[in-house]
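Counting starts at 1 for both ligands and their atoms, following the listed order.
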Amino acid sequence: MTEEKGGSAQRTSLQGYWSSRMAFILAVTGSAVGLGNIWKFPYITGQNGGGAFVLVYLFCVVLVGMPVMMSEILLGRRGRRNPVATMALLGAEEGGSTHWRWIGSMGVLAGILILSYYSVIAGWSLAYIEKSLSGVFSGASSDEVSGIFNMFIGDWKMVAGAHTLFMFLTVFVVARGVERGLEQAVRFMVPALFLLLLALLGYSINTGHFGEGVSYLFTPNWHALTWGTVLIALGQAFFTLSIGMGAIMAYGAYLPEETSITGSAASVVVADTSIAILSALVIFPIVFANGLDSAEGAGLVFHTLPLAFGQMGGGVFFATIFFILLTFAAWTSAIGLMEPAVAWIVESYGRTRAQAAVIVGVLIWAIGLGSVLSFNVLADFKFLNRTIFENVDYLTSNIMLPLGGLLITFFAGWVMCRNSSSDELGGATSIYKIWRFLARWVAPIAILFVFLKAIGWLPEFSG
Ligand code: PFF
């Protein structure tokens with residue numbers, strides 16, 4: 001690594017800047033906090049046995065997620081382009097090859113694939129606003145709540161309709177541009193979601209099964225853990241933080257020079273992790289109090305919370321507000337999922353944002369129909385023992401995002417020269433040194449190791 005490498009030139013963003021550090025944090029938090037925290041984290045924790053899985057997930061967030069997020073922001077700010085162009089530019093400048101752009105291309109593809117099913121689940125949330133408002137959950141038994149859910153997802157036309165509406169809302173916001181997006185909505189949405197979850201926590205504490213929920217979540221049951229589940233925990237860390245696919249890199253491209261990357265990343269990680277843990281703390285006591293199946297899968301949140309709302313005073317009101325907030329949270333995440341593809345089309349093909357948003361939106365909508373049908377018509381159509389929805393989720397969260405993260409940290413830690421990275425991270429401070437150690441050694445090796453273990457390429461330890 002020679003000292004001359006790495007442009008010191010400060011590039012300008014092609015699509016404007018965040019109005020403040022807070023605006024950036026809000027946008028990244030908006031992207032991070034979503035269905036991943038409230039819908040996905042509790043259900044995959046339930047499918048993977050609780051305690052040990054949660055612990056591994058937390059390790060992954062801190063030791064892998066945090067350095068990957070910082071790397072993404074710093075690469076984005078250095079390149080100031082869409083993820084594909086940024087990686088081509090920095091690759092040429094720092095590593096002598098524009099092939100690094102494939103990291104960006106994989107991210108564009110991952111975003112498209114994730115949003116294809118994300119929008120379907122967000123559609124469920126949208127439909128649940130209407131159901132909550134109608135009062136169907138008031139006093140409903142657990143069987144009735146399950147019946148409502150199964151009837152809904154069994155009707156592919158309803159699910160497709162909700163998916164269509166959600167994609168429409170997403171395209172609408174993305175088409176309007178960086179500053180005018182949902183930035184403002186996040187300002188009240190995340191705190192409101194947090195408060196509502198706290199109120200629900202009060203309910204869960206009162207169910208009498210709170211202790212059981214806490215011990216399920218925090219007492220590690222190492223027997224339930226396999227390398228396959230470690231990979232799922234790692235994938236979840238990537239998914240929930242929106243990292244490994246260039247979304248945060250795309251946001252970093254609009255970040256003013258003087259903003260602290262470490263501070264911003266830390267705020268987002270803390271907010272995101274607290275909301276995930278809080279959701280699980282709300283949901284599992286309800287599962288145990290009602291004898292529900294903790295491993296039931298993707299419907300978990302849609303069974304537990306309406307059941308709880310149906311039993312509490314003011315339940316119709318709280319349930320409606322909850323699903324409105326959840327839909328908002330999904331909406332701000334969906335925007336992040338579309339951003340790499342849209343920024344790439346705008347900058348490479350000279351389209352307007354609106355045109356790019358429509359093109360990408362229609363494509364994603366069409367792919368999403370595969371996930372719509374996974375819960376009804378094609379529920380028995382399995383490949384590798386998984387439905388279409390499960391395959392798209394597995395491929396993106398557990399393979400594409402960690403692989404993206406591996407390459408991103410490898411690039412930022414090994415290919416990029418020290419001057420460039422320390423320049424972005426505010427000089428050779430001890431925080432910089434910790435980041436560099438994690439980015440060079442811990443994150444790439446951990447990801448590679450878990451991959452190889454999960455596919456059985458490394459032998460098991462004895463004992
Ligand atoms: N982090 C989001 C969630 O937890 O719901 C999902 C997501 C959004 C992943 C944006 C990736 C992304 F670029």
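Taking any N or O of Ser242, backbone or side chain, at least one lies under 3.5 Å from an N or O belonging to ligand 1. For the pair Gly36 and ligand 1, the shortest N or O to N or O distance falls below 3.5 Å.
Remark: side-chain polar atoms of Arg11 are not paired, donor with acceptor, to backbone N or O of Arg80 under 3.5 angstrom.
With a 4.0 Å cut-off on non-hydrogen atoms, Met245 touches ligand 1 through its side chain and not its backbone. Only the backbone of Ala32 comes within 4.0 Å of ligand 1, judged by heavy-atom distances.
Applying the 4.0 Å criterion to heavy atoms of Asn37 picks out, from ligand 1, the atoms 4 (O). In the vicinity of Thr240, heavy-atom distances shorter than 4.0 Å reach the ligand 1 atoms 1 (N), 4 (O). Of all the atoms in ligand 1, the ones that sit under 4.0 Å from a non-hydrogen atom of Leu35 are 5 (O).
Nearest protein heavy-atom contact of atom 13 (F) of ligand 1 is Ala247 CB, 3.0 Å. Ser31 O, 3.3 Å is the protein heavy atom nearest to atom 2 (C) of ligand 1. The protein atom (non-hydrogen) at minimum distance from atom 5 (O) of ligand 1 is Tyr118 OH, 2.5 Å. For atom 1 (N) of ligand 1, the closest heavy atom belonging to the protein is Phe239 O, 2.8 Å.
The closest approach between any non-hydrogen atom of Ile114 and ligand 1 is not below 4.0 Å.
Taken to the nearest 0.5 Å, the CG atom of Leu234 stands 7.0 Å off from the CZ atom of Phe451.
Taking all atoms of both residues into account, the shortest heavy-atom contact from Gly154 to Asn376 is O-CB, 3.4 Å.
Around atom CH2 of Trp344, no more than 12 heavy atoms belonging to other residues, nucleotides or ligands sit under 6.0 Å away.
In summary, the aromatic rings of Phe41 and Tyr57 are positioned with their centroids under 6.0 Å apart. In this structure, the ring of Phe137 has its center no less than 6.0 angstrom from the ring center of Phe309.
Under the 4.0 Å criterion applied to side-chain N and carboxylate O atoms, Arg353 and Glu339 are assigned as salt-bridge partners.
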Under the side chain to side chain donor-acceptor pair (under 3.5 Å) rule, what do Ser71 and Trp435 come out as? Steps first, then yes or no, please. CA-CA 9 Å; Ser71 306; Trp435 167 78; 3.3 Å; yes
